[in-house]
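Worksheet: the structure to be examined is printed underneath.
Order of appearance sets the numbers: ligands from 1, and atoms from 1 within every ligand. Values below: every heavy atom of this structure, side chains too, minus hydrogens, waters and symmetry copies.
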Amino acid sequence: MISKPTMKYQKLRLIKFGGEAGRKENGFGIIAGHKKKKGTEEVARLDQKLRDLQHRLRAGEETGARVRRKYKYSKLFRVEPGSKLNLRKINPEFTAGHKKKKAALKELEQLDQRLRALQFRLYAEGQQSLLICLQALDAAGKDGTIIHVSGAMNPQGTRVHSFKVPTREETAHDFLWRIGQRVPARGEVVIFNRSHYEDVLVVRVRGIVPKKVWKQRYQMINEFEKKLVANGTHVLKFFLHISPEEQLRRFKKRLDDPARHWKISESDYTEREFWDDYIEAYKEAVIRTSTKHAPWHVIPSNNKWFRNLAVTRIVVETLEAMNMNFPKPTVNIKNIRRKYHQVVAVDEKKKGRQPVAGETENGDGRQLVKAGKPQDAMVGAIALTEAIPANGEETILSQPLPPTASMPQRIANTA
Ligand code: AMP
Ligand code: MG
């Protein structure tokens, strides 16, 4: 059942997408009956509400639990194409009305499960892909975000790539050369730890190339990303926003913990001196390259748990909107099911056992056994076969199977 606050928001989205097409595309049927005129007024009203909210967010004001449920984070934290942005005014402590970390972590766990199931579907479908670009100043939590987001996904079908100071070979090519080689293939989720944006950030701040060179790069980036999107890659960009005070606290933590010493670099301190220049460079990069097809999101990141929650939620919302489908089976499942039962029967006969109740087929090729308490591993396996959707069925397991789980774990999950 869709909760009321969520429905309201979905209405906004659907009406914006307009009529039948929007409804079909998003798979909800909740705008039926809206007259066109009323719909338009409602869009204007809700759009205004969202703008007010984004404004409050920009102003660093805390918003309540209602907002937490009602608005998609992909909208709330998105930098609207063509809008203004004042990073200094966005409160890095913002938690969108979440008061308690513990409750947020519960929400995050549920999001992780959804992410796991969605990424499994993306991988199975093998048609579209997702590119996540993470950018931030030092110690803002790119690594932590990667550990969290990628940890919730099947390593098959997921990649992370970290972009460092370009090698000699990379420098000898145009700046997008090394990026193009790492973008996701169909079915993949790829996370970039730093990205092509370094070429309008550090490169600009440190004067690595002249202004007239980096100035043209915004347009090149937009065109590059447009091409990716046209080829089925969805592009999400995140700026993890922390305060300079929080950065210093994290530097201290690194110093105090020998296990983190390896993370310390001289450049942490030299780059910090250019904080304002970086903020200026980020501002221009984000404004110029936040497009409808590849939006930027500014994530308040002083609280690591909220940062993980916001990024995960936006990734989940994005994957949900991609409407992935399991591919049609390449075999006739009915025939295969029959074959399977024949094999089981022969096997049991060899062992001198009668097939146990439930292992026999009924007329339509479906088993009589129900997913319940498996008597032994074999029955458990049958229970699992029942639970897996066949022939493009839209069956969603109440507890999605972790794609990497081993067989005994899977049996435990269906029991
Ligand atoms: P880290 O992410 O801490 O391992 O550091 C990687 C370093 O590589 C950072 O200081 C980045 O600014 C730097 N870097 C990444 N891409 C580029 C680039 N295109 N040009 C110059 N420096 C870069
Ligand atoms: Mg670093």
Side-chain angles (χ1 to χ4, degrees), residues 87 131-150 159-183 190-222 224-225 235 237-244 246-286 288-289 296 299 301-302 304 307 311:
L87 283 171
L131 173 61
I132 300 167
C133 299
L134 294 181
Q135 286 290 157
L137 287 148
D138 288 307
K142 294 190 298 298
D143 290 344
T145 309
I146 290 168
I147 290 168
H148 185 86
V149 174
S150 68
R159 272 190 298 126
V160 178
H161 189 77
S162 303
F163 290 97
K164 307 283 181 185
V165 177
T167 62
R168 194 189 272 228
E169 191 187 20
E170 286 167 349
T171 314
H173 291 82
D174 79 276
F175 76 103
L176 291 168
W177 180 75
R178 65 174 183 165
I179 311 294
Q181 296 172 48
R182 304 290 180 175
V183 297
V190 170
I191 306 178
F192 280 177
N193 180 358
R194 303 186 189 270
S195 64
H196 39 309
Y197 285 96
E198 289 295 318
D199 291 279
V200 288
L201 295 165
V202 64
V203 163
R204 164 183 173 163
V205 170
R206 302 309 234 115
I208 295 171
V209 300
K211 184 172 180 179
K212 75 172 198 301
V213 174
W214 58 255
K215 270 268 170 201
Q216 335 170 32
R217 288 183 173 170
Y218 303 118
Q219 200 190 336
M220 290 174 176
I221 289 174
N222 287 338
F224 171 74
E225 290 175 354
V235 182
K237 301 174 295 200
F238 295 100
F239 171 61
L240 309 180
H241 179 49
I242 56 164
S243 60
E246 178 63 20
Q247 187 192 50
L248 208 55
R249 275 194 290 276
R250 293 184 186 183
F251 282 174
K252 178 167 190 307
K253 259 193 179 166
R254 285 183 181 181
L255 266 178
D256 292 346
D257 178 2
R260 296 183 200 218
H261 283 180
W262 66 275
K263 276 197 154 193
I264 301 173
S265 73
E266 293 278 352
S267 76
D268 292 346
Y269 292 86
T270 49
E271 297 314 294
R272 186 181 157 81
E273 286 176 31
F274 294 93
W275 189 280
D276 289 344
D277 297 336
Y278 271 109
I279 291 299
E280 200 51 39
Y282 266 106
K283 181 183 151 185
E284 188 169 1
V286 168
R288 284 181 173 262
T289 62
W296 270 103
I299 307 295
S301 298
N302 271 16
K304 294 175 181 176
R307 173 203 72 205
V311 172

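Every atom of ligand 1 is numbered from 1 in the order shown, and the set under 4.0 Å from a heavy atom of D199 is 19 (N). Applying the 4.0 Å criterion to heavy atoms of V203 picks out, from ligand 1, the atoms 20 (N). The atoms of ligand 1 that sit less than 4.0 Å from any heavy atom of R178 are 16 (N), 17 (C), 18 (C), 19 (N).
Distance check, rounded to the nearest 0.5 Å: CH2 of W177 to CZ of R182 gives 9.0 Å. Between atom CG of residue L176 and atom CD of residue E225 there is a gap of 9.0 Å, rounded to the nearest 0.5 Å.
We find that R178 and E169 are not joined by a salt bridge, their nearest charged nitrogen and carboxylate oxygen being 4.0 Å or further apart.
Ranked by closest heavy atom to atom 11 (C) of ligand 1, the top entry among E198, E170, K142 is E198. Across the listed options K263, R194, H196, R194 owns the non-hydrogen atom lying nearest to atom 1 (P) of ligand 1. Counting only non-hydrogen atoms, the option in R206, E271, Q135, K164 that gets closest to atom 4 (O) of ligand 1 is K164.
For ligand 1, the polar-atom distance check against V165 finds a nitrogen or oxygen pair separated by under 3.5 Å.
Atom NZ of K215 has more than 12 neighbouring heavy atoms from other residues, nucleotides or ligands inside a 6.0 Å radius. Counting heavy-atom neighbours within 6.0 Å of Q181 CD, excluding the residue itself, gives a total above 12.
For Y197 and F192, the ring centers sit 6.0 Å or farther from each other.
Of the heavy atoms in V202, only side-chain atoms (C-beta onward) come closer than 4.0 Å to ligand 1.
Protein heavy atom at the shortest distance from atom 20 (N) of ligand 1 is P166 CD, 3.3 Å.
Side-chain atoms of D138 and S267 include no donor-acceptor pair closer than 3.5 Å.
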